[in-house]
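What follows is a short report on a single structure.
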Amino acid sequence: MIKREKIKDILSSTEFNRETTVMGWVKTFRNNQFIALNDGSCMSNLQVVVDFANTPEEVLKKITTGAAISASGKLVESLGKGQKCEIKADSVQILGESDPEKFPLQPKKHSLEFLREIAHLRFRTNTFNAIFKVRNALSFAIHQFFNERGFVYLHTPIITASDAEGAGEMFRVTTLPFDDTPRTDSGEVDFKEDFFGRSANLTVSGQLEGELGAMALGEIYTFGPTFRAENSNTTRHLAEFWMIEPEVAFADLEDNMNLAEDLLKYVIRYAMDKCPDELAFLANRLAEEEKSKPQNQRSELDLMSKLNFCLENDFERVTYTEAIHILKHSKPNQKKQFKYLVEDWGVDLQSEHERYLVEKHFKKPVILTDYPADIKAFYMRMNEPDADGRKTVRAMDILFPGIGEMVGGSQREERLEKLQQRMQEMHIPEEELYWYLDTRRFGSAPHAGFGLGFERLVLFVTGMTNIRDVIPFPRFPKNAEF
RNA sequence: UCCUAAGUAGCUCAGCUGGUUAGAGCAUCUGACUGUUAAUCAGAGGGUCCCUGGUUCGAGCCCAGGCUUGGGAGCCA
C-alpha cells in the first residue's frame, strides 16, 4: 500500500506545494469538484479538489458519500474560504464504493435514535467520532492515574460461580442443553452436569475478588465489563457496561473519597487537555440541542463551564442524615412537590431527591456518606450507632448533575465477627463466600474501595444524555444487535 | 416491570369529522452549472401508513391485543 499521510497531520502542516497521498471516507462531494474527506484522525475534513475534466467519468460517479478513496496530489493553500489548505488531486482511486441509494448517512443532521439503529455505521458521524475519542482518552487516563500511583491493574473474572454478591439479576452461563436439561432426583436442574460443575453467571462486580487482591498487593483496580440482567429501560443503565473498581488496603472512607475525587478530576482534566476539538464540537452540539428546549429546562452552564466548574470546586461531602435534614426542609418537600415526600430517617433517596441536592441545593457534585445500614450492602463497615441508636455504614455515593450516582463505594467491614453477623442478618450463605471471609481470618486490615460507572463518566464529560450513545455497541433489554 | 408519548418515502415530519389517486423538506436519480462549504437551478422516481384482528359501505385516522422506540419511575454503576 502507498504510504498515506493522516489528515490530522496535513491540516497542521505548513509545508505547502508538496506531493502527498491521503485515504479516507467521503463526507460530501460538492459541485463535481470538492470532496470533504475524513479519515478518522481528527474531527475536521480535508478538502480534496478533483480535476473533473481530467478524471474518468466512472471514477467521478463513484465519489459518493460514504465511499472510501485514495487521493494523491499537491498540498496547496486553499483558494476558497473555509479551509486553510487542500489537496489538488492528480489522481483519485476508489478503494470501496458506497451505493448512494442505500448508504443511510447523509450530510445532514440525523437523530440519535436513528443512529442507534445503525450503530455499525454511526462511527462515521462527527458526533460519534468525538464521543469515542473522548471515551478513549478517559479510558487511557484512568490507567495512567492508577499507574502513576502504584496501583496494580487486576483482571477479575468475568464468569463467576458465586451468586451471593447481591448486586442484582445475573446472566447465566451454561452449556447445558435447553431442551434436554439434566435433572436431579428431586427434579431440579443438575448443575453438576454443567461446564463448571456448578451454576455460573457473568460478573456483576469484581469487588469481592478485588478485595482479595488488595489484601496482598495493597492497591489494585479493575477496569472491565460488567453485566446486569435487570430489565432496566433508562438513559443511565446498560446490561453490559464497564466499571472501574479500585480497592485500597489500609485506607478508610476519607481516603476513599479523596481517591475518587482525585480520579474524577484527573481524568476530566486529561480529556480536556487531549480532546479540545472533540469537546468543543460536543459542547456546540449540546448548545444547539439546548436551544430547542424551553427556557426553564435549559442548563445554566455550557459543557466546558460545567467541566471546569467540576475541576475547580471541591465535591460537597454530606452525611445521609444531613441530606435528609436538608430535604425535609426543602421547598419541594414542604410544598409537596416531590412525588415521594421525605418524612423519616431511614428511607432510600429517590432520584428526584438526589437531583434536588445536586442540581438545586449544592449545584455541584455531592458525596453522600454514612447511609442507614438497612439499605446498603453487607460488606460495608458498620459505624457505632449514633446518639439516637441509628445504625449506619461507612458508605459513600458520588452524585453528579444530570447523571445521578457516578460512584458507589465504602470502607469495607474488616472485622470478621461483625461481617458474619451482617451476612446472617441479610441471609447471605457463609459457605459460598468462605474465600472472601478468609481475608478477614488471615491478616485482616482496614480497606476501602468503590465502583465507578465508566459510561456514566463518559456521559458527563461528553454532555450526552443517553448512555446508549456513549458505548459503541449498547446492550439493553431486547437489543443486542451488531 | 410501571406511567407516558410516539411509530406514515432513505431521513425529519404534515395528513382535517373516517371519504376518491397519502403530501412536504432534505436525500437519491437525470440534466444544467463548475471555487463549492448541508453548493445552486430544473425535472423524475420512491409508500407493508409498525404487526394481527375487529367495527364500518369505506380505516393512515376509531376499537382490542401485540411489537418496537423516546421520555419519566424503579433496580443501580
Side-chain angles (χ1 to χ4, degrees), chain A residues 27-36 44-53 60-61 64-66 76 78-83 86 88 98-118 121 126 165-169 203-207 223-245 260 293 297 338-340 348-355 375-377 397-400 403-409 450-460 465-469 471 476-479 481:
Chain A
K27 287 281 180 137
T28 59
F29 185 35
R30 277 187 295 269
N31 215 355
N32 221 10
Q33 260 191 110
F34 304 103
I35 303 172
S44 313
N45 301 325
L46 175 70
Q47 176 151 289
V48 175
V49 186
V50 180
D51 179 6
F52 65 92
L60 283 176
K61 288 222 152 170
T64 58
T65 302
V76 296
S78 180
L79 296 174
K81 290 168 191 165
Q83 60 278 318
E86 63 194 18
K88 271 239 180 288
S98 174
D99 185 345
E101 299 262 19
K102 290 176 183 149
F103 187 63
L105 290 170
Q106 302 155 18
K108 70 166 208 170
K109 256 213 163 64
H110 290 291
S111 68
L112 292 169
E113 291 83 3
F114 172 65
L115 292 172
R116 232 168 270 151
E117 286 170 21
I118 51 163
L121 294 172
N126 291 330
E165 290 168 35
E169 291 297 307
T203 182
V204 290
S205 161
Q207 181 201 317
F223 186 0
T226 309
F227 308 87
R228 304 270 166 94
E230 310 270 310
N231 192 9
S232 295
N233 290 288
T234 77
T235 52
R236 317 180 286 288
H237 291 87
L238 290 165
E240 177 183 286
F241 64 100
W242 289 66
M243 186 154 66
I244 296 104
E245 295 181 289
K293 284 187 188 168
Q297 282 175 31
F338 282 143
K339 198 175 164 202
Y340 299 91
D348 211 349
L349 297 181
Q350 305 290 321
S351 46
E352 59 179 349
H353 304 143
E354 295 182 349
R355 242 183 296 124
I375 57 172
K376 285 293 182 181
D397 283 2
I398 305 186
L399 309 177
F400 263 66
I403 313 286
E405 189 179 340
M406 174 97 76
V407 167
F450 60 84
L452 164 65
F454 184 57
E455 282 75 20
R456 291 187 180 176
L457 171 65
V458 183
L459 268 186
F460 180 73
T465 50
N466 191 320
I467 202 163
R468 296 166 185 182
D469 295 328
I471 187 167
F476 50 97
K478 302 281 180 284
N479 199 305
E481 217 173 332

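By convention in this document, chain letters (A, B, ...) are assigned in the order of the sequence lines, proteins followed by strands, and residues within each chain are numbered from 1. Note that this is a predicted model, so its numbers are computed, not measured.
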Between [N] atom [atom2] and [X] atom [atom1], what is the distance in whole Å?
{"X": "A:F103", "N": "B:C29", "atom1": "CZ", "atom2": "C1'", "answer": "18 Å"}
{"X": "A:N32", "N": "B:U40", "atom1": "CG", "atom2": "P", "answer": "15 Å"}
{"X": "A:F114", "N": "B:G7", "atom1": "CZ", "atom2": "C1'", "answer": "15 Å"}
{"X": "A:H110", "N": "B:C13", "atom1": "NE2", "atom2": "P", "answer": "13 Å"}
{"X": "A:L112", "N": "B:G71", "atom1": "CG", "atom2": "P", "answer": "9 Å"}
{"X": "A:K88", "N": "B:U36", "atom1": "NZ", "atom2": "P", "answer": "12 Å"}
{"X": "A:Q47", "N": "B:U34", "atom1": "CD", "atom2": "C1'", "answer": "13 Å"}
{"X": "A:Q350", "N": "B:G72", "atom1": "CD", "atom2": "C1'", "answer": "13 Å"}

[N] OP1/OP2 closer than 4.0 Å to side-chain N/O of [X]:
{"X": "A:N231", "N": "B:C2", "result": "no"}
{"X": "A:R30", "N": "B:A39", "result": "yes"}
{"X": "A:S351", "N": "B:G74", "result": "yes"}
{"X": "A:R355", "N": "B:A73", "result": "yes"}
{"X": "A:K61", "N": "B:U30", "result": "yes"}
{"X": "A:T28", "N": "B:A39", "result": "yes"}

What contact category does [X] fall into here, base, sugar-phosphate, or nothing, at under 4.0 angstrom with non-hydrogen atoms?
{"X": "A:L238", "value": "base"}
{"X": "A:G451", "value": "sugar-phosphate"}
{"X": "A:T65", "value": "nothing"}
{"X": "A:N466", "value": "sugar-phosphate"}
{"X": "A:F476", "value": "sugar-phosphate"}
{"X": "A:E86", "value": "base"}

Worksheet entry | Within 45° cone of A:F400 ring axis and under 6.0 Å: A:R456 NZ or CZ |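 So A:R456 doesn't make the cation-pi contact.
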
When the [atom1] atoms of [M] and [N] are compared, how many Å lie between them, rounded to an integer?
{"N": "B:G18", "M": "B:G74", "atom1": "C1'", "result": "41 Å"}
{"N": "B:G23", "M": "B:G60", "atom1": "P", "result": "14 Å"}
{"N": "B:C50", "M": "B:U69", "atom1": "C1'", "result": "11 Å"}
{"N": "B:C11", "M": "B:G72", "atom1": "C1'", "result": "27 Å"}
{"N": "B:A44", "M": "B:U4", "atom1": "C1'", "result": "43 Å"}
{"N": "B:C63", "M": "B:A6", "atom1": "P", "result": "12 Å"}
{"N": "B:U1", "M": "B:A38", "atom1": "P", "result": "45 Å"}
{"N": "B:G15", "M": "B:A24", "atom1": "C1'", "result": "11 Å"}

Worksheet entry | Gap between atom CD1 of A:I35 and atom CZ of A:F29 - 0.5 Å precision |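 CD1 of A:I35 is found 5.5 Å from CZ of A:F29.
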
Discussion item. So, taking the atom named CG in A:N233 and the one named NZ in A:K478, what distance separates them when rounded to the nearest 0.5 Å?
Written reply: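 If I round to the nearest 0.5 Å, the distance is 8.5 Å.
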
Nucleotide forming a Watson-Crick or wobble pair with [N], both distances under 3.5 Å:
{"N": "B:G35", "value": "none"}
{"N": "B:G25", "value": "B:C11"}
{"N": "B:U1", "value": "B:A73"}
{"N": "B:G47", "value": "none"}

Closest to side chain of [X], choosing from [options]:
{"X": "A:Y340", "options": "B:A73, B:G35, B:C75", "answer": "B:A73"}
{"X": "A:P100", "options": "B:U28, B:C76, B:G72", "answer": "B:U28"}
{"X": "A:T234", "options": "B:C75, B:A39, B:U69", "answer": "B:C75"}
{"X": "A:N233", "options": "B:G35, B:A73, B:C75", "answer": "B:A73"}
{"X": "A:F241", "options": "B:G35, B:U37, B:A77", "answer": "B:A77"}
{"X": "A:R116", "options": "B:G10, B:G70, B:A77", "answer": "B:G70"}

Spell out yes or no: do the side chain of [X] and the base of [N] have one donor N/O and one acceptor N/O closer than 3.5 Å?
{"X": "A:E101", "N": "B:G10", "answer": "no"}
{"X": "A:E113", "N": "B:G7", "answer": "no"}
{"X": "A:S232", "N": "B:C76", "answer": "no"}
{"X": "A:K478", "N": "B:C67", "answer": "no"}
{"X": "A:R236", "N": "B:A77", "answer": "no"}
{"X": "A:Q83", "N": "B:U36", "answer": "yes"}
{"X": "A:T235", "N": "B:G72", "answer": "no"}

Practice prompt. State, yes or no, whether a side-chain contact exists between A:L457 and A:M406 at a heavy-atom distance under 4.5 Å.
Written response: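 Touching, per the 4.5 Å side-chain cut-off.
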
Discussion item. Measuring only between side-chain heavy atoms, which start at C-beta, is A:I471 closer than 4.5 Å to A:W242?
Written reply: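 Answer yes - side chains close enough.
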
Worksheet item: Of the non-hydrogen atoms in A:G206 and A:E245, which two are nearest, and what is the gap between them?
Response: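 Taking A:G206 first and A:E245 second, the nearest heavy atoms are N-OE1, 2.7 Å.
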
Worksheet item: Do you know the tightest heavy-atom contact between A:I118 and A:P104?
Response: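 The answer is CD1-CG, 4.1 Å.
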
Worksheet item: Testing A:I398, A:D397, A:L349 for side-chain contact (heavy atoms from CB on, under 4.5 Å) with A:E405, which one passes?
Response: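 When A:I398, A:D397, A:L349 are each tested with A:E405, the side-chain contact (heavy atoms from CB on, under 4.5 Å) holds only for A:D397.
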
Worksheet item: Starting at the 5' end of RNA chain B, which residue's closest nucleotide do you reach first, A:E455 or A:P477?
Response: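 Its nucleotide being nearer the 5' end, the pick is A:P477.
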
Practice prompt. Could you pick out which residue, A:K109 or A:G80, lies toward the 5' side of RNA chain B when each is mapped onto its nearest nucleotide?
Written response: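 The residue mapped nearer the 5' terminus is A:K109.
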
Discussion item. Can you confirm whether or not the ring centre of A:F338 sits under 6.0 Å from the ring centre of A:H353?
Written reply: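 Yes, the ring of A:F338 comes within the 6.0 Å limit of the ring of A:H353, centre to centre.
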
Worksheet item: Below 4.0 angstrom, N of the basic side chain to O of the carboxylate: do A:R116 and A:D469 qualify?
Response: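 The answer is yes: the pair qualifies as a salt bridge.
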
